[in-house]
Visitor: 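Quick one: the structure is below, and I'll ask about it shortly.
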Amino acid sequence: MNQTHAETITLPTATLATVSSEPHPTREQAPRWTAVVFDLDGTLVNTLELIVSAFQHAHERVAGEHVDPETAKSWMGRSLLDIFGDGPGAEALLNAYQEFNLANLETLQHSYDGVVELLKELSTCGVKVGVVTSKGRDEAARSVAAAGLTGLLELTTTLEETVLHKPHPDPIHHARRKLDAGDEPTVYVGDAIWDVRAAAAAGIDQVAVAWGASTAEALAAENPSHGVVHTVDELRDLLLG
């Protein structure tokens, strides 16, 4: 497969602390929420390089246009159908993006230190854990597997499950139903402004993480109900109390 060479990019390294796989023996673990729903890209798995490169590849190949990394990251969190629209060239852009993404997923996707341990601790504490992503189900399952997260969460909502996508609340409502969360306290954790907006529209709590697509400043401007965290350890302390 011939691919247009994507610009080499340098993305900021997330300040995530490496944690031990052993539980913290001195901490009284009392979950603040009984259901936690995560975004996938840029939150649980580091797909920033993969997604930025895929956007660059698609636009260079189809339109001969250069997309800078910050612009590409600002699109993350929404569905490709919403990003590319239905105008001239949209289908070609979508196909070129997906072709590159699927061919390079395991190579350009990376892991965030501490995520596996966090998900295990949430499970040990009886927390229901789901994922709402704008990715298609097959691609999302590949990302989860590549990150070693299979069995630690439920892919509750992918692109195919709802007609409307983030920042609309429907994907989160769907996830809560699949988790059988009912009226249980629920929080959505995401790295993009679209995540914060979707959770707020769904009427649940929001936590923003600053190691993904949107900057800490942009996330803070959305006033997430439980703020912006900068490390997985900070997120663990917030979720487990």
Visitor: Between T71 and D68, is there a side-chain donor-acceptor contact under 3.5 Å, judged purely by atom types and distance?
Guide: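 Yes, a side-chain donor-acceptor pair sits under 3.5 Å.
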Visitor: Have E154 and T156 got a donor and an acceptor in their side chains that come within less than 3.5 Å?
Guide: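 No - no donor-acceptor pair under 3.5 Å links their side chains.
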Visitor: Rounded to the nearest 0.5 Å, what separates atom CG in D191 from atom CG in L48?
Guide: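 So the gap between those two atoms works out to 7.0 Å.
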Visitor: Taking R177 first and then E161, would you say they form a salt bridge - that is, a charged N and a carboxylate O separated by under 4.0 Å?
Guide: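 Answer for the salt bridge query: no.
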Visitor: Closest approach of P31 and C125, non-hydrogen atoms and distance?
Guide: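 Closest approach of P31 to C125, heavy atoms only: CG-CB, 3.7 Å.
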Visitor: Between Y97 and F84, how do the two ring planes meet: parallel, tilted or perpendicular, split at 30° and 60°?
Guide: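 Judged by the thresholds at 30° and 60°, the geometry between Y97 and F84 is perpendicular.
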Visitor: Do L81 and M76 land in one hydrophobic cluster if side-chain heavy atoms of ILVMFWY residues count as linked below 4.5 Å?
Guide: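 Same cluster.
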Visitor: Nearest 0.5 Å, what's the CG-CG distance between L118 and L235?
Guide: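 Reported to 0.5 Å precision, the distance equals 5.5 Å.
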Visitor: Would one find more than 12 heavy atoms of other residues, nucleotides or ligands at under 6.0 Å from atom CG of N95?
Guide: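 Correct, the count exceeds 12.
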Visitor: For E91, is the CD atom crowded, meaning more than 12 foreign heavy atoms sit under 6.0 Å from it?
Guide: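 Open.
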Visitor: V116 and side chain to side chain contact (heavy atoms under 4.5 Å, CB included): which partner among L152, L44, V232?
Guide: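 The residue from L152, L44, V232 that satisfies side chain to side chain contact (heavy atoms under 4.5 Å, CB included) with V116 turns out to be L152.
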Visitor: Quick check against the 3.5 Å criterion: does R78 have a side-chain atom that pairs as donor or acceptor with the backbone of K166?
Guide: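 No: the side chain of R78 does not pair with the backbone of K166.
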Visitor: What's the spacing between E139 CD and L102 CG if we round to 0.5 Å?
Guide: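 Those atoms lie 5.5 Å apart.
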Visitor: Without swapping roles, check the side chain of W211 against the backbone of H230 for a donor-acceptor pair under 3.5 Å.
Guide: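 Checking the backbone N and O of H230 against the side chain of W211, no donor-acceptor pair under 3.5 Å is found.
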Visitor: Using 0.5 Å steps for rounding, measure from the NE2 atom of H173 to the CD1 atom of I204.
Guide: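 Between atom NE2 of H173 and atom CD1 of I204 there are 8.5 Å.
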Visitor: Can you tell me how far CG of N101 sits from CG of L50, rounded to the nearest 0.5 angstrom?
Guide: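 Rounded to the nearest 0.5 Å, the CG-CG separation comes to 4.0 Å.
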Visitor: Would you call E70-K73 a salt bridge at under 4.0 Å N-O?
Guide: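 Salt bridge: yes.
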Visitor: Please determine whether side chain to side chain contact (heavy atoms under 4.5 Å, CB included) holds for the pair H66 and Q56, giving the CA-CA distance in whole Å, both sets of side-chain angles, and the decisive distance to 0.1 Å.
Guide: CA-CA 6 Å; H66 172 71; Q56 290 178 326; 4.0 Å; yes
Visitor: Please test V37 against Y188 for side chain to side chain contact (heavy atoms under 4.5 Å, CB included), starting from the C-alpha separation and ending with a verdict.
Guide: CA-CA 5 Å; V37 184; Y188 188 60; 3.6 Å; yes
Visitor: In Å, rounded to the nearest 0.5 Å, how long is the span from CG of D39 to OG1 of T133?
Guide: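 Spacing of CG (D39) from OG1 (T133) equals 6.0 Å.
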Visitor: Apply side chain to side chain contact (heavy atoms under 4.5 Å, CB included) to F38 and L153, showing your working.
Guide: CA-CA 9 Å; F38 290 94; L153 47 77; 5.8 Å; no
Visitor: Taking all atoms of both residues into account, what is the closest heavy-atom pair of V45 and A147, and its distance?
Guide: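 Closest heavy-atom pair between V45 and A147: CG1-CB, 3.4 Å.
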Visitor: Do the side chain of R176 and the main chain of E184 share a donor and acceptor less than 3.5 angstrom apart?
Guide: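 Flag set: sc R176 to bb E184 pair under 3.5 Å.
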Visitor: Shared ILVMFWY cluster between W194 and L80, side chains joined below 4.5 angstrom?
Guide: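 Different clusters: W194 never reaches L80 through Ile, Leu, Val, Met, Phe, Trp or Tyr contacts under 4.5 Å.
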Visitor: Of the options T162, T157, T158, which is the one that meets H174 in a side chain to side chain donor-acceptor pair (under 3.5 Å)?
Guide: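 Exactly one pass, corresponding to T157.
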Visitor: Check whether D237 reaches the backbone of E234 with its side chain - one donor and one acceptor, N or O, closer than 3.5 Å.
Guide: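 No; judged by distance alone, with no hydrogens or angles, the pair does not exist.
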